[in-house]
Every structure is written in C-alpha cells, then in structure tokens.
Amino acid sequence: MATSSRSLSFLLRQSDCLRRPAGLCSPRRTFMSRLWRRDFKAASFSRGAGRLLSNRSGSKNCAASVFSSSSDGQDITQSLWSVYSETKRQTEDMSTSAVDPDTIFANNEISLRDIEIYGFDYDYTLAFYSSQLHTLIFNIARDILISKHRYPEGLREYEYIPDFAVRGLHYDVQKALLMKIDAFHYIQLGTVYRGLHPVPDEEVIAMYEGSHVPLEIMSDFYGKSIHGHTMKQFMDIFSLPEMTLLSCVNDFFMRNNIDYEPVHLYKDVKEAIRDVHVKGIMYRAVEADMEKYICYGEESQAVLKKLSAHGKKMFLITNSPFDFVDRGMSYIVGKDWRDLFDVVIVQADKPSFFNDRRKPFRRVTDKGALLWDRIYRLEKEQIYKQGNLYEFLKLTGWRGSKVLYFGDHIYSDLADLTLKHGWRTGAIIPELRKEIKIMNTPQYVHMMTWLLALTGLIEQMQVHRDPAAQAVVEEWNRERESMKPLSKDIFNPQFGSLFRTCHNPTYFSRRLSRFADIYMASISCLLNYDLQHTFFPRLTPLQHEAGLEVSLPAPQNKNGV
C-alpha cells in the first residue's frame, strides 16, 4: 500500500490551521516574523522524529524503508515504539504563538479600500446581549407552553442550561434528536442527544443505517424543516434557548413516561419561542432593563464613528421593530445615533427582504405610525419598514463589491447577498472569542499537536503487514479514538466546538466559509485595522498539493556550531 506524500512535519504545521481557521494570526504581527517562527519550528521538528516519516527522493513507501532492516516482529515493534516515543517527545517540546481573539479572519480576499458603504444588522451585530437574555427567552417560552398549550406544570422545574447547546446543531423533528453534523453530512457520534441525555452510538447507527444524513432529509437552504424534511438547523444565536427548551421538554416527557408526538412538540416549542419575539415580550423586557441585557455598547459606537469620520456611508437593515432598535441604539451610541446612518430599515423580514420583490417600503414616524405615501427615495434620518432589496438597490444605487454588510445569521443575513447580489459580507460570530481562548491554552495546543502527529504515524506505518506491527498501529488507533472525546469536551461536553467535529469542519463552518468573506468575534475587531487594509485568506495546500516550505538555516550556539 502506498502511503501519502505528506510528511509528519507538514501535518504538525497544520496545528496552526486547526487553531486559526483562516486569516491573519494578528494584525500587529509581520509576515516575516510569522514565517520564521513557523518554518523554524517545522525545521527543528523534521530533524528529529519527523525525518523518519518524511518521503525522501521520491520513495513510494517511506515507512517500509524505515524498518526494512528489521528481520522479525520484535525488532519492528521496538522500532515503532521508539519512533512513537521520540515523536511524542518532540511534540511536547513544540510551542505555537497565541491567536489574537480580536483578529478578523478571511475566507475570501477583500480590501477595505474598495468598500464605500457599510451595512449592519442590529441584534448580535451592533447590539450584543448578556446570557441573561437567553434565560429570559427560555423562561417565557416555557411558561407559554404551560399556559397556552396546556403542557404539564412540572415543566417549571426546568431552568435554562447556558452551556448545554451550541449554535449550528441539527434537530431531527420526527426522532426528537439534537445532533452535530459535519461538512460532509456525517453525524458526529457522541453528540446525539435525546432530551438531556446522549444516545448510544450503536442506536444512532441503527436509526440512520450508519452515520450519514442523506441530502433529501436535510433542512432547506435557510435551515428550516419543510416539505417533509425532517432536519432543522439552528443557525441563530437566539436559537440557543429554543434548543435547550426542546431538550428539556423531551426530557420531561421521557422521564415521566408520557407518550407524545415529537412533531407536535417541536411545533409547539417553535410557536412559543416565536411568541416571545413576535408579541414583543422580549423587546419590552430588554427595554425595561438595558444594563442587564445589553453590553459592548462603547465598542459598537466607536466603530460607527470611525466609519463616519472617514466619510463612509452606512445603513441598518434589521428585523427588529423601531422602538426596540431606537431604545437600544440610544443606549449604545447616543440619542443622535440616526445621524450616523444614511438609511434605516426596521422589520425588514429577512431573508424574505432579499428575495420578495412585492413588499414596498413604508415610512415610519417617530411615534411608530405608518405613512401611506409612495417612497421615491430613501432619506437620511427617516425610518422605513419592510420593503425589499431590489427596491433598495434601485433607490440607492448601492451595488456590488463596494458594499460590505455585517450580520450574525449565516443564512438570513449573508447568503443571498453573496450568491445573488455580489455584496461583500462579514459574519459576526461571538462564540469565536471563547473558542480562540480555549485554543490558546497549552492543554489544547499539546493535545491537538499530538493528535495530528499520532495520525501521521498511523498513516505512515499502517503499511506494515507483520502481525506485531499491526498490533502496535491498532493500539495507536485506539489511543487516537480515545482522544476524540477530549478534543470535544474541552469546548462543550455535549457538542464540542462550533467549528469542528474532531477532524472535519462542521456543517456550520462549511456554510460560514461559503457565505462570509470575513468573520470575527464582534464588530469591534474593525478598530484594529485601518480602512485601507486588505484581508487575505490563509493559503493552505489542497490535499493533492505539496506543502510549500522555506528552508532556513539551523540556529547556531555561541560557538557557531
């Protein structure tokens, strides 16, 4: 069996790719300093155990050549464990530079010098909310289930679990299962939950006849479950309390041996969550206690004023109502917040706003009344409701790559703008800051570096057909499998990272890379860059491409040796 041409030293350098999904390590670090650190590290490692696993002079089977002199299983076994020990020692000595959580990461090259107009969503883009808001949404929706839908009073014993779910999960409506799916439609085993309890891998495999989810039962383009599709994807940050409530209600029914129809349960919870928003319950609660629910105000204010000072045009398109936005923006930016925007559109009904040509704009007075006059132009300091993007483009002339729009919802905010209208897009991913801080810890760095090195060992040494050698490689495989739950639990014990399923990107990551030119933890990251900056995506080799290396001289000691 021919082995891959990737050397172990190349695999280890990919630890940076795991820790930094794309973009720059830090806006303050120079290219040459990063290049030197990266290649010095790779070179130092390749002089050790990595050299044993690298293909040399076009050899088709480097692993076989390493141990070609071994005459019996015992010698091969000792040699394999020797390489294992040396490789592990080398990885333990390796270190990597920390990633700045305030970095802007690029999926596609974009230069801010070309951007003339900046657009924003409101919720989780300009306004960031504390965890108290998710608790509020959960409690109100739970009580609606009890009072409106006549669910058992016993549900009140359940409270919101802040760290239970992560964004981007899929929910099988008919089977009442919450799970994480990777970019290739495979379920990550160990992340399937019925209620608040994990489902054994064997049961998952039996239910789905494996771990692959066919395309025909996946959700539609916007993550919704319709037309017989059984999967719903939760891409909205506001969906965290909804996922938790679904799990809690399922748990209550199972724990109390109550027979129920999962589809009805899903629809009832969905309606209860919708009532929290549509009926204005959440809006009134936030308006009554801004300090409790809204944070990051000063940073959003600084970004808007920076853009305004540089003569950039700005607009706001949000699904939230005007009163709620006005109170929030007045709290975040100040009473004169409308002076910063050239166009403000509320209750836009995204994503329909980007597709439905039928809804006209209507002007909203400061008291919330709707005017009936036809809209011939969108004026500064006026408020508009509904409308559609096609009319917006016609009235403003803001088209193509000179427009950059920021939002937190990959589907509702960004997808159509990228696919149909050629706008540049920026995704706001608040979870990114927490995950980067975890990835910067020595525990994570050492674990993932060793996992990659161990994978390289297995890949290179699997060619040995001697039973003793195969037993060693199989033991390595078991160690590798045992590390997978650890790499998940360090982020979230139930579902792991938002961005990875151990080795593969998540379905969320796949959509993020497709629909967002750049992404960042918060809009405040723009403060670290001037408005002439160009963002470049990380140039990583394809699987069939050789890794490009720059040879640097080995470090010398005081005697020049």
Side-chain angles (χ1 to χ4, degrees), residues 120-147 155-156 158-169 178 223 234-249 269-301 316 318-333 337 346-348 350 406-410 412-413 427-435 492 494-495 498 520-524:
F120 302 90
D121 181 32
Y122 175 68
D123 296 302
Y124 286 107
T125 300
L126 294 177
F128 284 80
Y129 299 101
S130 69
S131 60
Q132 299 281 354
L133 183 60
H134 290 168
T135 300
L136 173 74
I137 294 171
F138 177 92
N139 290 340
I140 296 173
R142 178 201 60 201
D143 294 345
I144 289 175
L145 286 177
I146 296 170
S147 61
L155 281 176
R156 295 193 195 276
Y158 287 87
E159 296 181 353
Y160 180 62
I161 310 170
D163 298 321
F164 175 72
V166 299
R167 193 154 52 120
L169 300 178
L178 190 64
F234 292 100
M235 294 291 274
D236 191 353
I237 301 177
F238 281 129
S239 65
L240 292 173
E242 182 177 359
M243 286 186 279
T244 307
L245 183 58
L246 272 170
S247 299
C248 287
V249 178
V269 170
K270 181 180 178 181
E271 183 178 336
I273 292 288
R274 186 178 65 241
D275 285 349
V276 176
H277 296 272
V278 173
K279 294 186 176 180
I281 304 172
M282 183 197 78
Y283 301 135
R284 290 192 294 271
V286 173
E287 290 174 25
D289 198 344
M290 292 287 186
E291 292 185 0
K292 181 179 180 180
Y293 295 112
I294 295 183
C295 48
Y296 296 162
E298 292 182 359
E299 295 173 339
S300 294
Q301 178 191 44
L316 178 68
T318 176
N319 286 349
S320 294
F322 170 66
D323 288 344
F324 180 69
V325 174
D326 185 45
R327 289 288 301 276
M329 289 297 289
S330 296
Y331 177 77
I332 295 169
V333 179
W337 68 271
V346 298
Q347 293 178 274
K350 295 178 294 183
F406 293 95
D408 68 287
H409 199 299
I410 308 301
S412 295
D413 287 325
I428 306 300
I429 313 292
E431 301 95 333
L432 190 61
R433 183 169 277 111
K434 177 182 177 182
E435 294 218 2
N492 175 282
Q494 292 76 235
F495 301 101
L498 172 64
M520 64 211 77
S522 74
I523 202 72
S524 65

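What you find for M290 and G328 is that their closest heavy atoms are CE-N, 3.6 Å. For the pair Y331 and E291, the tightest heavy-atom approach, listed with the atom from each and the gap, is OH-CG, 3.3 Å. The nearest pair of heavy atoms linking G168 to M235 is CA-SD, 4.1 Å. L155 and R142 get closest at one heavy-atom pair: O-CD, 3.4 Å. Taking each heavy atom of A521 and L432 in turn, the nearest pair found is N-CD2, 3.8 Å. Listed here is the closest heavy atom pair of A272 and A141: CB-O, 3.7 Å.
Counting only distance, with no hydrogens or angles, the side chain of R167 and the backbone of S239 share no donor-acceptor pair below 3.5 Å. For N139 (side chain) and T135 (main-chain N/O), a donor-acceptor pair under 3.5 Å exists by modelled atom type. Put simply, the side chain of Q494 gets close to the backbone of F164: a donor and an acceptor are under 3.5 Å apart. In this structure, the side chain of N319 engages the main chain of K350 through a donor-acceptor pair within 3.5 Å.
Put simply, the side chain of C248 reaches to within 4.5 Å of the side chain of F138, judged on heavy atoms. With contacts defined as side-chain heavy-atom distances shorter than 4.5 Å, the pair D323/Y283 does not qualify. Contact check for E271 versus R274: side-chain heavy atoms found under the 4.5 Å cut-off. Within the 4.5 Å cutoff, side-chain heavy atoms of F495 are placed close to those of L178. Using a 4.5 Å heavy-atom cutoff, the side chains of D326 and W337 are in contact. Counting heavy atoms from C-beta outward, I137 and M282 have side chains that approach closer than 4.5 Å. Counting heavy atoms from C-beta on, the side chains of D121 and I428 never come closer than 4.5 Å. Looking at heavy atoms from C-beta onward, I146 lies in side-chain contact with R156 at the 4.5 angstrom threshold.
Evaluated for a side chain to side chain contact (heavy atoms under 4.5 Å, CB included) with T318, the options V325, T125, L126 yield exactly one hit, V325.
Atoms CG and OG, from L136 and S131 in turn, are 11.5 Å apart once rounded to the nearest 0.5 Å. With rounding to the nearest 0.5 angstrom, the OG atom of S412 is 7.0 Å from the CG atom of D236. Here CD of Q301 is found 9.5 Å from CE of M329. Values are rounded to the nearest 0.5 Å. Once rounded to the nearest 0.5 Å, the distance linking CG of D289 with CD1 of I294 reads 10.0 Å. Note that CG of D143 is 12.5 Å distant from CG of D275, once rounded to the nearest 0.5 Å. If you take CZ on F322 and CD on Q347, they are separated by 11.0 Å, rounding to the nearest 0.5 Å.
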May I have the step-by-step check of side chain to side chain contact (heavy atoms under 4.5 Å, CB included) for I237 and E431, ending in yes or no? CA-CA 9 Å; I237 301 177; E431 301 95 333; 4.3 Å; yes
Let's go through E242 and V269 carefully: what are the C-alpha distance in whole Å and the side-chain angles of both, what is the deciding distance for side chain to side chain contact (heavy atoms under 4.5 Å, CB included) to 0.1 Å, and is it a yes or a no? CA-CA 7 Å; E242 182 177 359; V269 170; 4.2 Å; yes
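Taking the six-membered ring where the residue is Trp, F238 and Y129 present tilted rings, their angle falling between 30° and 60°. The aromatic rings of H134 and Y160 lie perpendicular to each other, with more than 60° between the two planes, well past the 30° mark.
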